[in-house]
Protein chains: 2
Amino acid sequence: MKLKTEKTGAGVDGRQRKRVDQKQVLMRAQNTEKLLKAGERVFSIRGFDGATTAEIAKKAGVSKSTLHYYFGTKEEIYEAVMNRILDLWVSALEEIDADVEPHVAIQNYVARKIEYSRIYPEPTRLWAMEMTGGARHFQAELRQRVFDIVEEKCNVIDGWIAAGKMEPVNPHHLLFLLWASTQTLAEDAAQAEMVLKKSALDKGDFEDARQLATRIFLRGLNLNNT
Amino acid sequence: MKLKTEKTGAGVDGRQRKRVDQKQVLMRAQNTEKLLKAGERVFSIRGFDGATTAEIAKKAGVSKSTLHYYFGTKEEIYEAVMNRILDLWVSALEEIDADVEPHVAIQNYVARKIEYSRIYPEPTRLWAMEMTGGARHFQAELRQRVFDIVEEKCNVIDGWIAAGKMEPVNPHHLLFLLWASTQTLAEDAAQAEMVLKKSALDKGDFEDARQLATRIFLRGLNLNNT
DNA sequence: AATAAGGTTGACCAATTGGTCAGTCTTATG
DNA sequence: CATAAGACTGACCAATTGGTCAACCTTATT
């Protein structure tokens, strides 16, 4: 039940306080990580309301009191979890780069996004749940961050269009379609498993989805003639 | 429909007194409708766990006890709500018809699905939440119903392919893409509003989405040359 | 050893909530 | 009117849960 850890430091001479602080900082980081990971899992299954701090704490291997020592309230740990997911969400958009040809960028974005959704299904689902639930826990700062990065990427797409590299298209709606198409397999895994009569999706399913999505988007945007 | 009326064994006296008159039946139908409508709204915002029977009852204009008189448990009203949504979900699939040319069918399906998502955003969101949350409240019967209808429609698509009317494509994944693409605006309205800096999406947004999705799917599937 | 300071937790509390129940109200029928 | 059956509800209860707190533990420093 304790996060104990394999302590025992080889060189525990305890001369400098600084070393201890480092150790404490490390422990804190580890516990924080465990709690955030557990939070991702529990929140992504039960949603904000359905999740209990007790279950998160248990899954992280600490007491509920410890969770509340690290994160004052349930909202606080939830926001910390969401913040982290936003980083992931933003990082995938790196592929939308003005210096890259649109057909390559979109191909890579689709691939990366689907790969993320396969590797990180819980953050993917949690993000979806938050949006579907009205983004009630998204503060102004997070909203602004989302808006800014999306605006930037829309400008990239408009740039491609202006440069004649791509047919005119509403960049916002293109992004909406890309997001939906690349997340659905993780987001609606239950639905896919129901339809495919599988107990779990495998790598091949995601690869099939990637190929179909890539094909449809590239040809659909008239970008496949390269 | 399946409003389980717990009839009581009133007929023990041998004669089924038909106390239930038309007015009562009407009232029951009206109240049931109000409760299901309220349930849709509250569940779609708060999720199963976050919703309270008290809030649903209040929104329906009856007491919590009345809700529990109509639906024994929270699960029961939730399932009734989901059942209804499944009807809607299934009805849209009517467009996928073997007697219709694929480019027409897909165009109509996209249009109908997006229109549904605009007119019925709450059922749309609730369905999405249920799937994202792992379809934990979907009983075997509902699962089978989903499987059967989807299997049927996949056969239609395979039929189009066999008839040379359409390029080979994995029909399941095509449906996944269609679902995701046509629901995202309602499902992720909060995200879209964040990105578009709007307080609410309007008809034009859905029309833009429809046009782009139609264009990309038809051309992406090489169906636009008909 | 003594001190200090942060880390950890069991026990506990107040609020919420799903569900129950006894009793009241309404209305068709005899 | 009297009856009976369903419709309806306020009051209530047991369980859950977010959050608190005093006590205890661990460890570096003096």
Side-chain angles (χ1 to χ4, degrees), chain A residues 1-9 11-32 34-35 39 42-43 46-58 60-79 137, chain B residues 3-32 34-35 39 42-43 46-79 137:
Chain A
M1 255 316 186
K2 273 98 247 251
L3 45 118
K4 236 15 127 71
T5 85
E6 59 299 350
K7 48 105 141 295
T8 163
V12 185
D13 58 0
R15 256 303 58 114
Q16 316 130 276
R17 164 136 199 147
K18 192 177 177 188
R19 285 188 88 206
V20 176
D21 285 351
Q22 282 182 351
K23 195 171 164 188
Q24 278 184 331
V25 166
L26 181 66
M27 283 287 277
R28 185 165 262 278
Q30 284 178 347
N31 282 347
T32 303
K34 280 199 279 190
L35 282 165
V42 177
F43 281 130
R46 314 235 180 251
F48 177 80
D49 290 300
T52 68
T53 53
E55 185 180 359
I56 296 171
K58 189 177 178 187
V62 300
S63 71
K64 193 178 70 169
S65 302
T66 299
L67 182 152
H68 283 285
Y69 179 69
Y70 277 73
F71 301 94
T73 65
K74 190 178 172 183
E75 276 82 7
E76 229 168 278
I77 184 173
Y78 184 80
E79 278 166 25
H137 303 277
Chain B
L3 176 60
K4 126 202 314 207
T5 55
E6 46 221 41
K7 218 33 276 196
T8 104
V12 184
D13 64 350
R15 202 170 53 124
Q16 271 287 39
R17 254 174 215 265
K18 212 50 175 173
R19 281 287 196 195
V20 186
D21 60 52
Q22 284 185 347
K23 197 170 165 189
Q24 276 183 326
V25 168
L26 181 66
M27 281 291 278
R28 184 165 261 278
Q30 282 178 345
N31 283 344
T32 302
K34 276 198 281 186
L35 282 165
V42 177
F43 282 130
R46 314 233 179 253
F48 177 79
D49 290 301
T52 68
T53 53
E55 185 180 357
I56 295 171
K58 189 178 177 187
K59 205 147 262 168
V62 300
S63 72
K64 195 178 68 167
S65 301
T66 299
L67 183 151
H68 284 284
Y69 179 69
Y70 277 73
F71 301 94
T73 65
K74 190 178 171 183
E75 276 82 7
E76 229 168 278
I77 184 173
Y78 185 81
E79 278 165 27
H137 304 277

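Predicted, not measured: the structure shown is a model, and the values here were computed from it.
Nearest heavy atom pair, residue L35(A) against residue A57(A), reads CD2-CA, 4.5 Å.
Partners of E55(A) under the salt bridge (Lys or Arg N to Asp or Glu O under 4.0 Å) rule, at least two apart in sequence or in another chain, are R46(A), K59(A).
The aromatic rings of H137(B) and F48(B) lie tilted to each other, with the angle between the two planes from 30° to 60°.
Side-chain atoms of S63(A) come within 3.5 Å of backbone atoms of T66(A) as a donor-acceptor pair (strictly under, hydrogens ignored).
Of the candidate nucleotides dG6(C), dT9(C), dC21(C), dG6(C) has the atom lying nearest to any side-chain atom of Q24(A). Distance from the side chain of M27(A) is smallest to dT8(C) among dA11(D), dA11(C), dT8(C).
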Could you list all N or O pairs between the protein and nucleotides 13-19 of chain C that sit under 3.5 Å apart?
from    : atom 1 : to     : atom 2 : distance (Å)
dG18(C) : OP1    : A51(B) : O      : 3.1
dG18(C) : OP1    : K74(B) : NZ     : 3.1
dG18(C) : OP2    : T53(B) : N      : 2.9
dG18(C) : OP2    : T53(B) : OG1    : 3.0
dG18(C) : N7     : K64(B) : NZ     : 2.9
dG19(C) : OP2    : K74(B) : N      : 2.7
dG19(C) : N7     : K64(B) : NZ     : 3.2
dG19(C) : O6     : K64(B) : NZ     : 2.7

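Phosphate proximity of dT9(D) to S63(B): present, with a side-chain N or O under 4.0 Å from OP1 or OP2. Regarding contacts with the backbone of dG6(C), every side-chain N or O of Y69(A) stays at 4.0 angstrom or more from both OP1 and OP2.
Within the 4.5 Å cutoff, the side chain of I77(A) has heavy atoms near those of the F43(A) side chain.
Among pairs with a residue in residues 64-75 of chain B, none fulfils salt bridge (charged side-chain N to carboxylate O under 4.0 Å, His left out), at least two apart in sequence or across chains.
Nearest-nucleotide assignment on DNA chain C puts the 5′-proximal partner with L67(A), out of S65(B) and L67(A).
Taking atom NZ of K58(B) as the reference point, atom P of dG10(D) lies 13 Å away to the nearest angstrom. The NZ atom of K34(B) sits 13 Å away from the C1' atom of dA7(D) (whole-angstrom rounding). When rounded to the nearest whole Å, the span between CZ of R28(A) and P of dT26(D) equals 18 Å.
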